[in-house]
Amino acid sequence: MTDNQVVQTYTDAWTHSIESISELLALLPADSWNRRTECPGWSVRDVVSHVIAVESELLGDPRPIHSLPRDLFHVKNDVQRYLELPVDKRRCHTAPEMTAELEYVIIRRSRALRNATTGPDDTVSFPAGPFSYDVPYQELLRRRVLDVWVHEQDLRRALQLPGNLDSPAAQVTRDLLLAGLPKVVAKAAGAPAGSTVVVDVTGPLEFLRTVRVDADGRGSIDAQVSLGPDVQLTVGWEDYLRLATGRVRADGLPTGALTVDGDRELADRILASFSLTP
């Protein structure tokens, strides 16, 4: 697959997911907008506000002028304060206002993506005020796919409307999460040199991967089956997603949802090290 094809793949996956969010919300009763999600302190409305806010910033729209309350328990650092401001600004918006704004942002962003002349490896800035950072264009798109799809799943769980667990965006997200798994095991969890960890994920997007830690403490990942691993984790795809994106701790999963074999202490460190939170 060429780099331009990769960009198109990410664009198509983003489009599928954000349009799915729009369809979810189209006939949503007014009281459902206040349902809690697994994102701390955020309702359905708040998650949608966040998606709108990020896509608006990518379009170059100015940030809203707003004073953030000081008593928001879930806002604990400057990054969270930055993300919270446009969310809090929209807490008084009605359901029709929210859906109309989302639809308008989708139209504008879709047009911008179609007309973009940016090369896949061109460096672009992810606009986030004082927290902006530079990334290759295709990496920015890939991370937007992850963010939008993970929030689509946040909404679906809150609204009890499951779906799209094997969508194009789900596959992009899976690959991005797997790319970070060696770092989780080897660096964050401190798995010793020579250890192997098998992650067996079942369900609509199943996979089996082995993380190996070399003599220098570096992790690598492959699809080969490892006999007698130090740790084997078996979990369903949706619960793996919730763990890997910080939506839930291992002890918060339903009984039987996660099976741990092998070194329990190492397994606990690995499970506690999932920290990617889109």
Side-chain angles (χ1 to χ4, degrees), residues 8 10-69 72 74-75 80-116 124 126-129 132 140-141 143-165 167-170 172-173 247 278:
Q8 189 60 52
Y10 293 158
T11 300
D12 291 345
W14 173 89
T15 300
H16 183 272
S17 186
I18 203 164
E19 288 184 348
S20 295
I21 291 176
S22 183
E23 291 170 6
L24 272 178
L25 303 174
L27 301 176
L28 197 64
D31 58 347
S32 294
W33 284 82
N34 295 321
R35 289 193 188 182
R36 294 178 59 185
T37 71
E38 289 183 328
C39 300
W42 281 7
S43 65
V44 166
R45 173 182 282 98
D46 297 336
V47 169
V48 177
S49 294
H50 169 70
V51 171
I52 291 171
V54 176
E55 299 301 336
S56 296
E57 286 202 50
L58 287 167
L59 285 163
D61 293 352
R63 279 172 60 83
I65 298 173
H66 181 65
S67 296
L68 198 63
L72 298 175
H74 57 284
V75 177
Q80 290 175 345
R81 274 186 282 275
Y82 186 89
L83 295 174
E84 188 74 19
L85 188 146
V87 170
D88 190 69
K89 173 70 173 178
R90 291 179 173 86
R91 286 197 166 111
C92 61
H93 289 195
T94 65
E97 288 173 333
M98 294 293 296
T99 54
E101 187 178 11
L102 176 63
E103 289 170 7
Y104 186 48
V105 165
I106 292 173
I107 290 170
R108 294 171 61 215
R109 274 290 284 156
S110 297
R111 184 185 300 122
L113 290 170
R114 284 196 308 271
N115 296 335
V124 295
F126 190 102
S132 297
L140 181 147
L141 294 179
R143 290 194 169 273
R144 289 310 305 139
V145 173
L146 178 145
D147 189 51
V148 170
W149 181 77
V150 168
H151 287 312
E152 177 194 342
Q153 294 305 314
D154 289 330
L155 295 171
R156 288 185 177 279
R157 285 193 298 275
L159 298 171
Q160 299 181 351
L161 295 170
N164 284 348
L165 283 167
S167 69
V172 173
T173 300
R247 277 12 184 208

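The chain is numbered in sequence order, starting from 1. Note that these values count all heavy atoms, side chains included, but never hydrogens, waters or copies made by symmetry.
In this structure, Arg143 is not positioned above the aromatic face of Tyr10 in the sense of NZ or CZ being under 6.0 Å from the six-membered ring centre and within 45° of the axis. Seen from the ring of Trp149, Arg144 does not count as a face-on cation partner, given the 6.0 Å and 45° thresholds.
For Ser110 (side chain) and Ile107 (main-chain N/O), no donor-acceptor pair under 3.5 Å exists by modelled atom type. Of the possible polar contacts, one joining the Arg45 side chain to the His93 backbone as a donor-acceptor pair under 3.5 Å is found. Using modelled atom types, no side-chain atom of Asp88 and backbone atom of Glu84 make a donor-acceptor pair closer than 3.5 Å.
Among residue pairs with one or both ends in residues 17-29, those qualifying as side-chain hydrogen bond (donor to acceptor under 3.5 Å, both in side chains) are Ser17-Glu152, Ser20-Asn164; sequence neighbours excluded.
Summarising the local packing, CZ of Arg36 is surrounded by 12 or fewer heavy atoms from other residues, nucleotides or ligands at distances under 6.0 Å.
Atom CD1 of residue Ile18 and atom NE2 of residue His16 lie 13.0 Å apart, to the nearest 0.5 angstrom. The CD atom of Glu103 sits 12.5 Å away from atom CD1 of Ile21, with the distance rounded to the nearest 0.5 Å. Taking CD of Glu55 as the reference point, atom CD of Glu101 lies at 12.0 Å (rounded to 0.5 Å). Here the straight-line distance linking atom CG of Leu83 with atom SG of Cys39 works out to 11.0 Å at 0.5 Å rounding. The distance from the CD atom of Glu57 to the CG atom of Asp61 is 9.0 Å, given to the nearest 0.5 Å. Here the CH2-CG distance, from Trp42 to Leu72, works out to 11.5 Å after rounding to the nearest 0.5 Å.
Aromatic ring orientation, His151 versus His50: perpendicular (interplanar angle above 60°, classes split at 30° and 60°).
Within the 4.5 Å cutoff, the side chain of Arg35 has no heavy atoms near those of the Ser43 side chain.
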Evaluate the side-chain contact (heavy atoms from CB on, under 4.5 Å) criterion for residues Leu113 and Leu141: first the C-alpha distance (whole Å), next the side-chain angles of each, then the deciding distance (0.1 Å), finally the verdict. CA-CA 10 Å; Leu113 290 170; Leu141 294 179; 3.7 Å; yes

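By the 4.0 Å N-to-carboxylate-O rule, Arg90 lies too far from Asp46 to be salt-bridged with it.
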